[in-house]
Amino acid sequence: MASKSLNQRIILTGDRPTGPLHLGHYVGSLANRVRLQNEQDATTGKHRYKPYILIADMQALTDNAETPEVISENLLNVAIDYLAAGIDPSLSTIFIQSEIPEISELTMYFLNLLTLNQIERNPTVKEEIRTKGFEGRIPAGFFIYPVSQAADILAFRADLVPVGADQIPMIEDTNMIARKFNQTYKCEVLKECEGLVPREHARLIGTDGKAKMSKSLGNAIYLKDEGDELWNKVRQMYTDPDHIKVEDPGKIEGNVVFTYLDAFAPTDKRSYVVAMQDHYKRGGLGDMKVKKFLFEILEAEFAEIHKRRREFAKDPAEVMKILKRGSQEARSVVQATLAEVKKAMGIKYFH
Ligand code: TRP
């Protein structure tokens, strides 16, 4: 028997298609997804992981019911961002949630296994209810989305779920449902998973220096930004507000330009970055010079991604074909899980 470590482990992860992906997504998750996708066993050469990447359009609708066009407009762009970032459809299966009605079916069965109070305890849902102003009038579909997210994951019997730290409560709910299902129906159909959270410094602050990068805060640099668009964002980055004259000594901490240099400068530019930091702290180095340098680094580091992005953007029909194929492939996996789920529950009336 082949040892377990030689078997591919299943990865399931995804995003709500509510806007284009930005450098925060890249640093926090996309780069890691590409790395996991490409990881090979040293002796057999076999890929270690089989990744499934979900475009969670139905989950996105739970707080966009009145503006579904937001989702349909962004879906293709998110797919193009994935492909540009290096997600390879021959290794990773990219698919659309609403193309797999069996996920919704699983959700219905799972909803009976936990109480509203248990869902309400989820701190991420609590926080979202507050920030979205849903208090007192929570859309029912929104309230139960952790259960539908559990279905996304359990449907693939995923081993690993790479997510941001805010998604850990979802992983806990998922595993609670898996345990409850297996106990209740005395089976081993569902599998508990492990959340994979990026390291602390994998969180990128916004161009305003205030918080994490996000579309809604208007402080994002998108993967698609290049040339003048990129330069304008770098030019307006928050630096040290007390660094007024070039001769003034400047601060590095909280200075977005230096934070980004830390995140993106390649190894062979590191010692130059350190020299720049010293010069800036001493005084005599102007913000524009550092910004020009950062702009050049970003253009170089993302050149490959920008090039691929332009190519895929020219051929949306090809991208849609990839999504269609991925959705068909993912659907057959979920159908197999659903069949076992129904069998365990004794739901089969016609033979
Ligand atoms: N909730 C995730 C987000 O907002 C998106 C998502 C939906 C997801 N289903 C998932 C992530 C399953 C991981 C696994 O980013």
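Remember, it's a predicted structure, so these values are computed and weren't measured experimentally. Order of appearance sets the numbers: ligands from 1, and atoms from 1 within every ligand.
- At a heavy-atom distance under 4.0 Å, no atom of Gln97 approaches ligand 1.
- Taking the six-membered ring for Trp and thresholds of 30 and 60 degrees, His243 and Tyr280 have ring planes inclined between 30 and 60 degrees apart.
- Note on ring orientation: taking the six-membered ring where Trp is involved, the planes of His22 and Tyr222 are tilted (angle from 30° to 60°).
- Looking only at protein heavy atoms, the nearest one to atom 13 (C) of ligand 1 is Val163 CG1, 3.6 Å.
- Using modelled atom types, no side-chain atom of Asp208 and backbone atom of Met237 make a donor-acceptor pair closer than 3.5 Å.
- Among the atoms of Gln59, some N or O lies under 3.5 angstrom from an N or O of ligand 1.
- Summary of contacts: the protein heavy atom closest to atom 15 (O) of ligand 1 is Gly14 O, 4.2 Å.
- Below 3.5 Å of separation, one finds an N or O of Gln167 facing an N or O of ligand 1.
- Summary of contacts: the protein heavy atom closest to atom 9 (N) of ligand 1 is Asp152 OD2, 2.8 Å.
- For ligand 1, the atoms closer than 4.0 angstrom to any heavy atom of Val161 are 13 (C), 14 (C).
- Hydrophobic clustering (ILVMFWY, side-chain heavy atoms < 4.5 Å, transitive): Val246 and Leu285 are in distinct clusters.
- Counting only distance, with no hydrogens or angles, the side chain of Asp240 and the backbone of Asp242 share a donor-acceptor pair below 3.5 Å.
- Interface atoms of ligand 1 facing Ala56, defined by a heavy-atom separation under 4.0 Å, are 7 (C).
- Atom 4 (O) of ligand 1 has its closest protein heavy atom at Arg16 NE, 3.3 Å.
- A tilted orientation is assigned to the rings of Phe95 and Phe156, their planes being inclined by 30° to 60°.
- Not a single donor-acceptor pair under 3.5 Å links the side chain of Tyr49 to the backbone N or O of Asn38.
- Residue-to-ligand polar distances keep Tyr145 apart from ligand 1: every N/O pair is separated by 3.5 Å or more.
- Taking the six-membered ring wherever Trp is involved, the centroid distance between the rings of Tyr272 and Phe293 falls below 6.0 Å.
- Summary of contacts: the protein heavy atom closest to atom 14 (C) of ligand 1 is Leu12 CD1, 3.5 Å.
- Of the protein's heavy atoms, Gln149 NE2, 3.5 Å lies nearest to atom 8 (C) of ligand 1.
- Listed by number with element, the atoms of ligand 1 under 4.0 angstrom from any heavy atom of Leu54 are 7 (C), 9 (N), 10 (C).
- Here the rule is ring-ring contact (aromatic ring centres under 6.0 Å, His included) with Tyr26, and of Phe264, Phe302, Tyr82 only Phe302 fits it.
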